[in-house]
Amino acid sequence: SELGARSSELGAEMSSGLAAVSLSVPGGGGVQSMRGVSFGVPDSSHLPGSSSWGSSGIRGKAKVYDAEGGQELGSLSFSSSHREKGALEAELVLESAGVRATFTSKPDSSVFTGFSPVHITLQGVKHATLTGDAPRKGEYARESGGGGLTFIQPCWQPATQWLCCAFGCFFCTFGISACVSACMVSSVGKHFNISTADGSKDYPELVIKSNDSCSYSFEGLGESERVDMLLLLSVIALRNYCRPPVKSPPVASGGGGGGGM
């Protein structure tokens, strides 16, 4: 009975620790000192044996900066053995902010069922799980049951608006609108709406640029909100880095002559 009681106490201590995680480092640093976060353009390469047709693996690293100060904080390393099925192993290390987090997701059994949950550990302890059809939408929930964030990439994106403009104004502008829209589509990026799980609070939208970089301000956010937002943004960035490639059918080898046609 004493052993059971002690186990309950330990479980309660762990739960309270997760709910009130504080990330600070000597000298007054930590997540609270970050004015925002910026993920740089990833330096990535294909895993050996992967190709643009079939299972496609990738690994790489992106530098992480303070969004407003521009100071380099650390890096986000990632690897995916099967991008189409959502396989993911990644680590976020921000030495100056005292953050070390890992992100893992097993390959989904089917290419068409979305991504498996992303499990997040913070400072070596299970902290949160992200479920849903990332990178388009999903829900972030802490293991302790507190907090909670949702994100979604709306269908009516700026890129969609520019494509509609190109179609509607093509003839009256003698094709000029198509050229302008093509330039704008490549630069507007992807927009995401972020809110609390219960919908009581909306946060500023996240924009991922066409070169896969993104930046987000933490202005007005408390420490726990900054931690949750940092981890959520990391998953969105990772899913964007490891998104499945646009594939084309393999080219048949052999002679160029027709086969009896």
Return a table of donor-acceptor pairs under 3.5 angstrom between the side chains of residues 225-237 and protein atoms on other chains or two or more places apart.
unit_1, atom_1, unit_2, atom_2, d
Glu225, OE1, Gly222, N, 3.0
Glu225, OE2, Lys201, NZ, 3.0
Glu225, OE2, Tyr203, OH, 2.7
Arg226, NE, Leu221, O, 2.9
Arg226, NH1, Gln32, O, 3.1
Arg226, NH1, Met34, O, 2.3
Arg226, NH2, Phe218, O, 3.3
Asp228, OD1, Tyr140, OH, 2.8
Asp228, OD1, Arg142, NE, 3.3
Asp228, OD2, Arg142, NE, 2.9
Asp228, OD2, Arg142, NH2, 2.6
Ser234, OG, Leu230, O, 2.8

(request) State the CG-OG distance between Leu92 and Ser75, to the nearest 0.5 angstrom. (result) 7.5 Å
(message) For the CG atom of Leu88 and the CZ atom of Phe103, what is their distance to the nearest 0.5 Å?
(response) 8.5 Å
(request) Using the test side chain to side chain donor-acceptor pair (under 3.5 Å), find all partners of Ser195 that sit at least two apart in sequence or belong to another chain. (result) Thr150
(request) List in chain and number order the residues that pass side-chain contact (heavy atoms from CB on, under 4.5 Å) with Arg35, two or more places apart in sequence or in another chain; answer none if no residue qualifies. (result) Asp66, Glu68
(message) Are Cys242 and Arg83 packed together at the side-chain level, in the sense that at least one heavy-atom pair is separated by less than 4.5 angstrom?
(response) yes
(message) So Leu206 and Cys214, do their side chains get closer than 4.5 Å, heavy atoms only?
(response) yes
(request) Please name all residues satisfying side chain to side chain donor-acceptor pair (under 3.5 Å) with Thr121, sequence neighbours left out, ordered by chain then number. (result) Thr102
(request) Only pairs at least two apart or in different chains count here, so list each ring-ring contact (aromatic ring centres under 6.0 Å, His included) that has a residue in residues 223-243. (result) Phe78-Tyr241
(request) Heavy atoms only: give me the nearest Ser215-Ala67 pair and the separation to one decimal. (result) OG-CB, 3.4 Å
(request) State the NZ-CD distance between Lys61 and Glu91, to the nearest 0.5 angstrom. (result) 9.5 Å
(request) Mind running side-chain contact (heavy atoms from CB on, under 4.5 Å) on Lys190 and Asn240 for me, showing each step along the way? (result) CA-CA 10 Å; Lys190 305 171 186 176; Asn240 192 65; 2.8 Å; yes
(message) Contact between Lys126 and His119 at the side-chain level, heavy atoms closer than 4.5 Å - yes or no?
(response) no
(message) To the closest 0.5 Å, what do you measure between OG (Ser105) and CD1 (Ile120)?
(response) 10.5 Å
(message) Can you give me the closest heavy-atom contact between Ala87 and Arg239, atom names plus distance?
(response) O-NH1, 4.3 Å
(request) If a pair satisfies ring-ring contact (aromatic ring centres under 6.0 Å, His included) and one of its residues is in residues 56-76, list it, with sequence neighbours excluded. (result) none
(request) Could you tell me whether the side chain of Asp202 reaches within less than 4.5 Å of the side chain of Ile194, counting heavy atoms only? (result) no
(message) Asp198: which residues meet the side chain to side chain donor-acceptor pair (under 3.5 Å) condition with it, sequence neighbours left out?
(response) Thr196, Ser200
(request) Answer with yes or no whether the side chains of Glu143 and Thr129 bring together a donor and an acceptor at under 3.5 Å. (result) yes
(request) Give the intermediate values and the outcome of salt bridge (Lys or Arg N to Asp or Glu O under 4.0 Å) for residues Glu89 and Arg59. (result) CA-CA 9 Å; Glu89 291 185 3; Arg59 62 186 170 195; over 6 Å; no
(message) Nearest 0.5 angstrom please: Leu73 CG to Ser96 OG, how far?
(response) 4.5 Å
(message) Is the shortest side-chain heavy-atom distance between Phe39 and Leu76 below 4.5 Å?
(response) yes
(request) Applying side chain to side chain donor-acceptor pair (under 3.5 Å), name anything that partners Glu205, two or more places apart in sequence or on another chain. (result) His191
